[in-house]
There are 2 protein chains.
Amino acid sequence: MADPLSRVFSALADPTRRDIVARLAVADATVNELAAPYDVTVQAVSKHLKVLEDAGLVSRSREAQRRPVHLEAEVFDLMTTWIERYRRQAEERYRRLDDVLRAMPDADPPPQEGRPS
Amino acid sequence: MADPLSRVFSALADPTRRDIVARLAVADATVNELAAPYDVTVQAVSKHLKVLEDAGLVSRSREAQRRPVHLEAEVFDLMTTWIERYRRQAEERYRRLDDVLRAMPDADPPPQEGRPS
DNA sequence: ATCGTGTTCAACCGGACGGTTGACCACCAG
DNA sequence: CTGGTGGTCAACCGTCCGGTTGAACACGAT
């Protein structure tokens, strides 16, 4: 699974990982701090962090023997760009469809047009 | 995996599924039409559509014996809301950190502080 | 009633995933 | 150098996932 977009989406598909991101948005934290709230082993959390790191969502710097984890928020743009693109496209399509329906040449009269909001 | 957010992220973690969404943003299509470009079986695509449907990204209406697939773009908001929330939070955190650094009272001069860029 | 087309269901397979345990490495403190 | 603490690596386990094949279902056409 090479492509970055897949990695990011996949990384955020896990609730624990999303929660970790949420907490890192507040403040950097060490692996042990991050693992504390969950009832899984520290190793499991370390794995989660590796997934987040591979997705570019997180970076670990070395500070003495601790490895503080830091949220790398730029990658979010990758997703929002993708999402917005197709959301817009779909909305545009609605608009166009409405136009077509409204301009119906002589077909059966469209009652009040189907898609209000 | 009950929660909607996980389902949406997970659904979009697959490149084929993202491509399907991209194509559905342009126009509705049947399963066979959707399957044509890929070198996988129709059944596989049908499975992909089920995943997208369970995530609320897609709906299938019955029209004669065909089952046209339609993109349901509202679910995108679920993701963008989540993403924006933490992106903002992280940015806010940066801003605040900068303020603190700039207002450094008289503490020992922080060499360069750990995180430049 | 029968055929053809479009779609889905069911069973199976290999590989990835989330989790565990146990050993190991890196580093500071005595 | 000997611990102790924070973190990772490695091997293993059960489950999910994307794919296949083969059969079934739904419906229009003949």
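Since the structure is predicted, the reported quantities are computational estimates derived from the model, not experimental observations. A note on names: the letters A, B, ... follow the listed sequences, proteins ahead of strands, and every chain is numbered from 1.
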Worksheet entry | All side-chain contact (heavy atoms from CB on, under 4.5 Å) counterparts of A:Thr30, not counting sequence neighbours | A:Asn32, A:Glu33, A:Arg66

Worksheet item: Mind checking which nucleotides bracket the chain A contacts on DNA chain D, 5' to 3', with an atom under 4.0 Å from a heavy atom?
Response: D:dG6 to D:dA11

Worksheet item: Are A:Leu12 and B:Trp82 close enough, and set up right, to give a side chain to side chain contact (heavy atoms under 4.5 Å, CB included), and what steps lead you there?
Response: CA-CA 11 Å; A:Leu12 294 181; B:Trp82 189 90; 3.9 Å; yes

Practice prompt. Please answer: with hydrophobic residues joined when any side-chain heavy atoms are less than 4.5 Å apart, are A:Val69 and A:Val51 in the same cluster?
Written response: no

Discussion item. Counting only heavy atoms and a strict 4.0 angstrom limit, can you tell me which residues of residues 28-57 of chain B come near DNA chain C?
Written reply: B:Thr30, B:Val31, B:Asn32, B:Gln43, B:Ser46, B:Lys47

Fill in: Donor-acceptor contact below 3.5 Å, side chain A:Arg93 vs main chain B:Val26
yes

Practice prompt. Can you sort out which residues in residues 2-18 of chain B have a heavy atom within less than 4.0 Å of DNA chain C? Ascending by number, please.
Written response: none

Discussion item. Taking B:Ala2's backbone N and O only, do any of them form a donor-acceptor pair with B:Arg7's side chain (distance below 3.5 Å, no angle check)?
Written reply: yes

Worksheet entry | Side-chain donor or acceptor of A:Arg85 paired with backbone N/O of A:Thr80 under 3.5 Å | no

Worksheet item: Between A:Asp19 (CG) and C:dG18 (P), how many Å, whole number?
Response: 15 Å

Item to complete: Give me the bend of the helix from C:dA1-D:dT30 to C:dG30-D:dC1, using the axes of the five pairs at each end, rounded to 10°.
Response: 10°

Fill in: Between B:Asp3 and B:Ser6, a side-chain donor and acceptor under 3.5 Å
yes

Response to the item:
Output for pair (B:Leu34 CG, B:Leu49 CG), nearest 0.5 Å, gives 6.0 Å

Item to complete: Could you please spell out the steps behind the salt bridge (charged side-chain N to carboxylate O under 4.0 Å, His left out) verdict for B:Asp28 and B:Arg67?
Response: CA-CA 10 Å; B:Asp28 293 3; B:Arg67 317 264 339 251; over 6 Å; no

Item to complete: Go through the steps for B:Glu84 and B:Arg87 under the test salt bridge (charged side-chain N to carboxylate O under 4.0 Å, His left out), then give the verdict.
Response: CA-CA 5 Å; B:Glu84 279 313 305; B:Arg87 200 234 296 268; 2.5 Å; yes

Worksheet item: Looking only at atom types and distance, does a side-chain atom of B:Arg60 sit under 3.5 Å from a main-chain N or O of B:His70, one as donor and one as acceptor?
Response: no

Worksheet item: With sequence neighbours left out, what residues match A:Phe76 under ring pair (Phe, Tyr, Trp, His ring centres under 6.0 Å)?
Response: none

